[in-house]
Amino acid sequence: MPMPRVVSVGALVLAGCGGPQSALDPAGRAAERIAEIFWWMTAGGIVIWLAVLALTIYAVHTPPEAHNQRRTNYLIIGGGAVVPTILLTVLLIYGLAPIPTLLAPAPEGSLKIAVLGEQWWWRVRYQPSSGEPVVLANEIRLPVGQPVEFRLESADVIHSFWIPSLGGKIDMIPGHVTRLALTPTKTGVFRGTCAEYCGTSHGLMSFYAVVEEKEAFQRWLAHQQAPALPPRVPIAARGQELFLANGCGACHTIRGTPASGVVAPDLTHVGSRLSLGAGILPNEPDDFLQWIAHTEDLKPGVHMPTFGMLPPEELHALAAYLDGLQ
Ligand code: CUA
């Protein structure tokens, strides 16, 4: 039997409440609080709506002579002013009360991650207690159950940093560091996005936040600290030659090679990331090829020039090299 239309629409609406980028499917302490506020506000709104509906039906069906002036006044003043004022005040206090907790700084000694918003990608930097800093793009990894302090800034215009599954959003402002403390409570892969219109490709500026057990996180961080390994197959070695010969290293860094540009994303371990182009493509050799050959089509306004003029053989070699940077 086909599902009744109302039920199927309801199921669709509810399906929108889940997934890796939903504030209603929380996986962080702040997001849990925000989702709770949302459901209480929604419930409050439904109760008020039902009450207004019931009063309307009552008013329509009651003969006029059943009212006396005094009762009417009570109803108007009570139902029109006193009850809404009380209800809205309660909801307002309930909604504002958690703000100090949501904006509280992370405890002393928490992991710190600097994220710089750029048009239109995210520069992510970890400073481990020993050794090299880790710089990567469009991917953040976090240990589960540990508070993290994000230090957020922008390189150009105002962006807004938001991982809906983990917590609230906060602006990234040029020349000013904003801080956001988040504590992930579940492992998984979540999606973050820019929540402030920042130019042509604002809608193509996402990233992944991977929450994992502490040991896995530390292994990942140590691996990211290491320089890139030399290419292992001839096609990748050819790709590396082309990468350097075409001047890619003027904008991109690949630690362990002469490429040391700082304008564009660090590609030292780009093959190990979950996406390309700030969350817009998966990360397979063919995606590298598509990105290099159709950069401007895939992300209008992007600063990286398109290298579609390279012969297919060279594009394949470049893609093999970059994909091999695990
Ligand atoms: Cu960055 Cu919108």
Side-chain angles (χ1 to χ4, degrees), residues 16 19-28 30-31 34 38 102-103 112-126 133-142 148-182 184 189-211 251-253 261-267 270 273-283 287 290-292 294-306:
Q21 194 182 308
S22 172
L24 300 180
D25 190 6
I34 292 167
F38 172 83
L102 293 176
L103 293 181
K112 292 180 180 63
I113 304 171
V115 184
L116 192 69
E118 310 239 7
Q119 281 175 317
W120 291 273
W121 59 284
W122 311 82
R123 190 190 294 268
V124 179
R125 186 186 160 100
Y126 293 76
V134 168
V135 179
L136 71 158
N138 310 318
E139 191 161 311
I140 292 165
R141 299 230 175 187
L142 306 167
V148 178
E149 183 184 273
F150 286 100
R151 297 185 167 187
L152 308 162
E153 213 181 330
S154 169
D156 34 54
V157 298
I158 298 177
H159 302 272
S160 179
F161 179 85
W162 193 24
I163 313 171
S165 307
L166 301 188
K169 67 184 92 156
I170 195 157
D171 276 0
M172 307 171 99
I173 300 161
H176 175 80
V177 177
T178 44
R179 283 157 211 260
L180 179 70
L182 294 177
V189 177
F190 307 102
R191 208 174 142 95
T193 194
C194 181
E196 175 92 36
Y197 181 73
C198 55
T200 313
S201 281
H202 153 73
L204 299 172
M205 182 176 174
S206 296
F207 62 97
Y208 283 96
V210 182
V211 180
C251 294
H252 295 283
T253 289
V262 292
V263 181
D266 184 301
L267 301 179
V270 67
R273 292 178 204 155
L274 291 173
S275 77
L276 295 184
I280 65 172
L281 290 176
N283 185 333
D287 301 307
Q290 295 303 327
W291 175 253
I292 298 165
H294 306 284
T295 327
E296 173 69 28
D297 297 332
L298 289 165
K299 184 172 282 197
V302 68
H303 295 317
M304 174 170 155
T306 298

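Order of listing sets the numbers, starting from 1, for every ligand and every atom in it. Positions are given from 1, in the same order as the sequence printed here. These numbers come from the heavy atoms of this one structure, side chains and all, not from hydrogens, waters or symmetry mates.
Close placement of the Phe161 and Phe150 rings is indicated, their centers lying within 6.0 Å of each other.
Between atom 2 (Cu) of ligand 1 and the N, O or S atoms of His202, the shortest distance is to ND1. Restricting Glu196 to its N, O or S atoms, the one at the least distance from atom 2 (Cu) of ligand 1 is O. Within His159, the N/O/S atom positioned nearest atom 1 (Cu) of ligand 1 carries the name ND1.
Checking Tyr197 against atom 1 (Cu) of ligand 1, every N/O/S atom stays at or beyond the 2.8 Å cut-off.
At a threshold of 4.0 Å, the pair Glu153-Arg151 does not count as salt-bridged, since none of the basic side-chain nitrogens sits closer than that to a carboxylate oxygen.
Two residues are said to be in side-chain contact when any heavy atoms from C-beta on lie closer than 4.5 Å; Cys198 and Val157 meet this criterion.
Of the residues listed (Ile140, Val115, Val124), the one engaging Phe207 in a side chain to side chain contact (heavy atoms under 4.5 Å, CB included) is Ile140, and it is the only one. Exactly one of His303, His159, Arg123 qualifies for a side-chain hydrogen bond (donor to acceptor under 3.5 Å, both in side chains) with Glu118. That residue is Arg123.
Vertex atom 1 (Cu) of ligand 1; arms to Met205 atom SD and Cys198 atom SG; angle 110° (nearest 10°).
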